[in-house]
Participant: 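Just passing along the structure, written as structure tokens.
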Amino acid sequence: MANNRRMSGKKGAQVGSGGQRRRGLEGKGPTPPAEMRKGHARQRAAAAKVRRAQGRPPQRKGGGRSSSELVVGRNPVYEALREGVPATTLYVQQFIDNDERVREALQLAAERGNINLMEAPRPELDRMTNGLNHQGLVLQVPPYEYAHSEDLPAAAYDKGEDPLIVALDGVTDPRNLGAVVRSVSAFGGHGVVVPERRSAGMSAGAWKTSAGTAARTPVARATNLTRALEQYKKAGITVVGLAADGEAEVGDLPALSGPVVIVVGSEGKGLSRLVGETCDHRVRIPMPGGAESLNAGVAAGVVLYEASRRRS
């Protein structure tokens, strides 16, 4: 009787669902993580955390820290992940075209196991990158923690070795810094010193050029490079500057077999006046081929090889 009463109000033919209810029961694939579901409380909290991180000043610890960095674009992000550049978060645009580069980047991030995957709407990525052409992929590189300049010789002495350090004066190309870090690692050096200002820092580009050696070769940042070199001299370390008009050739310098800091200037200007005056020796690299100068990475590699050969 109750059923008859419920049906008694219906008149004429009834419109069906057209199969919509059946399609609604079909599976839609695995449920994405809460952090990637639009409108979910955890997704909103993660987005707020990103916004706070963008405005947070870099922390200071040890020899200081650089600011965080964003690698932008599908190819740059893929190359950074492939070369082992440290990263905390990979941001992926919502509804992105899933091409080969995107799939490869996601696979590399997943293989690392310690990179957060965050989906974000295009306007949020535009804001993060200041309108750069991010192509739907943005990789956040954490701040680099620099060593203290005085820690580099201390670490060498702890190993029972004479310090072999490279200092860079006016080198502003991160790729040159990365090449120097790679050479220091290859020839048994103990670290690199760079000035705090007007100098390349440990950016994603430097990490890539170092080919992973930056993970085991410390880079120190000095507030004043001249003062740092003077401290090394007081500690009994010879400071050798590379200069095209140096008084002696690299191969004729016995000091390379002992505790030494090799100072490399920029390709165009060379050593600055104060740094040049602070050096105990100014030496040149003979170049029979007639080239006027070498870039910092190549010049450092030549002298580091000579120092390593004398120590072996």
Participant: Taking side chain to side chain contact (heavy atoms under 4.5 Å, CB included) as the test, write out the residues that go with Glu306, two or more places apart.
Facilitator: Val250, Leu256, Arg309, Arg310
Participant: Among residues at least two apart in sequence or on other chains, which ones pass side chain to side chain contact (heavy atoms under 4.5 Å, CB included) with Asn224?
Facilitator: Thr226, Arg227
Participant: Can you name the side chain to side chain contact (heavy atoms under 4.5 Å, CB included) partners of Thr88, sequence neighbours left out?
Facilitator: Gln140, Pro142
Participant: Which pairs, with at least one residue in residues 234-247 and sequence neighbours excluded, count as a side chain to side chain donor-acceptor pair (under 3.5 Å)?
Facilitator: Asp245-Arg282, Glu247-Arg282
Participant: Could you give the side-chain donor-acceptor pairs of residues 178-188 under 3.5 Å, partners two or more places apart or in another chain?
Facilitator:
from   : atom 1 : to     : atom 2 : distance (Å)
Ser183 : OG     : Ala179 : O      : 3.3
Ser185 : OG     : Arg216 : NE     : 3.4

Participant: With sequence neighbours excluded, what pairs up with Asp162 under the salt bridge (Lys or Arg N to Asp or Glu O under 4.0 Å) test?
Facilitator: none
Participant: Taking salt bridge (Lys or Arg N to Asp or Glu O under 4.0 Å) as the test, write out the residues that go with Glu150, two or more places apart.
Facilitator: none
Participant: So with a 6.0 Å cut-off around CD of Glu100, is the heavy-atom count from everything else above 12?
Facilitator: no
Participant: Just to verify, what does Glu277 make a side chain to side chain contact (heavy atoms under 4.5 Å, CB included) with, not counting sequence neighbours?
Facilitator: Arg273, Leu274
Participant: Any chance you could pull the hydrophobic cluster mates of Val261, using side-chain heavy atoms under 4.5 angstrom and chaining through other members?
Facilitator: Leu152, Tyr157, Ile165, Val193, Leu225, Leu229, Tyr232, Ile237, Val239, Val263, Leu271, Val275
Participant: List for me each residue that meets salt bridge (Lys or Arg N to Asp or Glu O under 4.0 Å) alongside Glu83, sequence neighbours excluded, and say none if there are none.
Facilitator: none
Participant: Can you run down the side chain to side chain donor-acceptor pair (under 3.5 Å) pairs that involve residues 197-207, sequence neighbours left out, and say none if there aren't any?
Facilitator: none
Participant: Can you name the residues that form a salt bridge (Lys or Arg N to Asp or Glu O under 4.0 Å) with Arg101, not counting sequence neighbours?
Facilitator: Glu104
Participant: Are more than 12 heavy atoms from other residues, nucleotides or ligands located less than 6.0 Å from atom CG of Asn114?
Facilitator: yes
